[in-house]
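All values below come from the heavy atoms of this structure, side chains included, with hydrogens, waters and symmetry mates left out.
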Amino acid sequence: MNRPDESIVLIEGPWTHRTIRANGIAQHVVEAGTGPLVLLLHGMPTFWWTWAQQLTDLADAGFRAVAVDLRGYGGSDKPPRGYDATTLASDIASLVTALGERDAVIVGNDVGGLLAWTVAAHNPQVVRRIAVLGAAHPIRLRQAVFTDRKGQRHASGYALKKFQLPRYGERLLTQDSVYVKELFETWSGPRWRRTPGYVEAVQRYAEAMRIHPVAHCSLEFFRWAVRSLPRPDGRRYIESMRAPIRRPVLQLHGDFDTCVLPRTAQGSSRHVIADYEWRLLTGVGHFPQHEAPERVSDELIRWAKLD
């Protein structure tokens, strides 16, 4: 099977593609606008393009909007190591500085949301405030997986089972794009799935997942998250996340999210001692930035302007 190359993520638009070296790797970023920095972090199985609407909306509202391909994805470096949450969060903290900024509003979806929580806990000096979409606080997610067996544990079965098997997960994600499409069918709300943009988005993500070795790199985070639980590094990470979040948090979550259940995400507020806002988005699944782009943009602009 022919593998696409990284050029497929260099999608043209009212933005600029750049490569920034930070934390020892080259990170592909897409930038629009000038003003205070808003840094946008994608999840799995997407890449920077998931924020295309928000890039332009934030730029038009007077912000410097930057979407990054996480380590192992899209046009960023894909080293064999560094897919633990601490290193990935250090990538983001270092990127803020490498962009010439002192701090940023950090926005994340899915894995990017977990990293937003982590950066706020580990590197609060580079964080003005965070916005989290489709992601619970890491401790809250872990608790729900252990205690909500028929709910969150079942919803996380993909990460606990399929993604843990060597080569099997990679084959699922790259063989014929069917599994990537299945993830979107399972996690998205019905309203977005009826739109023409849905088909285009899923096709883009399925193709980008086939860039070698993106599938393997993307799975390494989930493998670390499960296998590190009894190890010293995993215990240290969880202990570090027990420190309360001291930066303002906006949590946007779809009521149709079947990947991170709304009841799991809502319990995250107990880990925040700063300003906290919760918004449940009706008819929306795991990808609010696609499924309700105008609402998400409005919320992010409002949240970023509170500084």
Side-chain angles (χ1 to χ4, degrees), residues 1-11 24-28 41-50 68-89 91 108-115 134-135 138 141 145 153-188 199-231 233-234 237 258-260 286-287 290:
M1 179 183 295
N2 293 326
R3 300 282 191 187
D5 61 37
E6 294 178 356
S7 65
I8 67 168
V9 305
L10 301 179
I11 301 164
I25 64 168
Q27 301 188 44
H28 171 232
L41 314 179
H42 67 85
M44 201 288 299
T46 62
F47 62 99
W48 74 264
W49 187 74
T50 195
V68 59
D69 282 332
L70 299 179
R71 175 188 293 246
Y73 286 84
S76 290
D77 276 353
K78 303 165 185 65
R81 290 175 294 278
Y83 298 97
D84 58 283
T86 299
T87 301
L88 290 168
D91 289 348
N109 171 239
D110 185 72
V111 172
L114 291 174
L115 296 181
L141 179 60
V145 167
R153 180 179 292 191
H154 176 74
S156 299
Y158 70 98
L160 299 173
K161 298 176 183 178
K162 293 178 180 179
F163 286 1
Q164 299 303 314
L165 300 175
R167 295 183 295 278
Y168 179 67
E170 286 86 344
R171 189 164 66 250
L172 281 176
L173 290 171
T174 61
Q175 192 170 32
D176 52 16
S177 302
V178 169
Y179 187 67
V180 172
K181 295 175 183 177
E182 181 182 316
L183 291 178
F184 279 96
E185 287 290 319
T186 303
W187 293 346
S188 303
V199 175
E200 177 192 6
V202 174
Q203 289 174 340
R204 282 191 187 277
Y205 296 133
E207 187 175 20
M209 188 56 64
R210 293 178 49 237
I211 299 169
H212 182 74
V214 169
H216 173 72
C217 295
S218 68
L219 294 177
E220 286 294 88
F221 169 79
F222 298 95
R223 290 166 178 164
W224 168 82
V226 172
R227 298 173 190 180
S228 69
L229 289 174
R231 298 196 314 241
D233 60 320
Y237 173 70
T258 56
C259 179
V260 179
H286 190 55
F287 306 97
H290 276 301

Find the distance between [atom1] ([X]) and [atom2] ([Y]) and round it off to the nearest 0.5 Å.
X	Y	atom1	atom2	value
I211	T174	CD1	OG1	12.5 Å
T46	M209	OG1	CE	8.0 Å
Q27	D91	CD	CG	5.0 Å
L219	K162	CG	NZ	12.5 Å
W49	I8	CH2	CD1	12.0 Å
Y237	D84	OH	CG	9.5 Å

Verify, without hydrogens or angle tests, whether [X] (side chain) and [Y] (backbone) share a donor-acceptor contact under 3.5 angstrom.
X	Y	result
D77	P79	no
D69	F47	no
R227	Q164	yes
S76	H28	yes

Taking the six-membered ring for Trp and the full ring for Phe, Tyr or His, determine whether the centres of H290 and Y205 are under 6.0 Å apart.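 Under 6.0 Å, so yes.
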
When you check the gap from the basic side-chain N to the acidic O, do E220 and R223 get nearer than 4.0 Å?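 Yes, charged N to carboxylate O under 4.0 Å.
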
Considering all heavy atoms of both residues, which atom of [X] and which atom of [Y] are nearest to each other, and what is their separation?
X	Y	result
P4	E207	CG-O, 3.3 Å
Y83	C217	OH-SG, 3.2 Å
V214	K78	CG2-CE, 3.6 Å
V226	A159	CG2-O, 4.1 Å
L114	A135	N-CB, 3.9 Å
A208	V9	CB-CG1, 4.4 Å

Side chains of [X] and [Y]: closer than 4.5 Å at any heavy-atom pair?
X	Y	value
W224	R231	yes
F287	N109	yes
Y179	P45	no
M44	Y73	yes

Here's a test for you: under side-chain contact (heavy atoms from CB on, under 4.5 Å), which of L70, I11, V68 qualifies with W48?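 In the set L70, I11, V68, the residue that makes a side-chain contact (heavy atoms from CB on, under 4.5 Å) with W48 is I11.
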
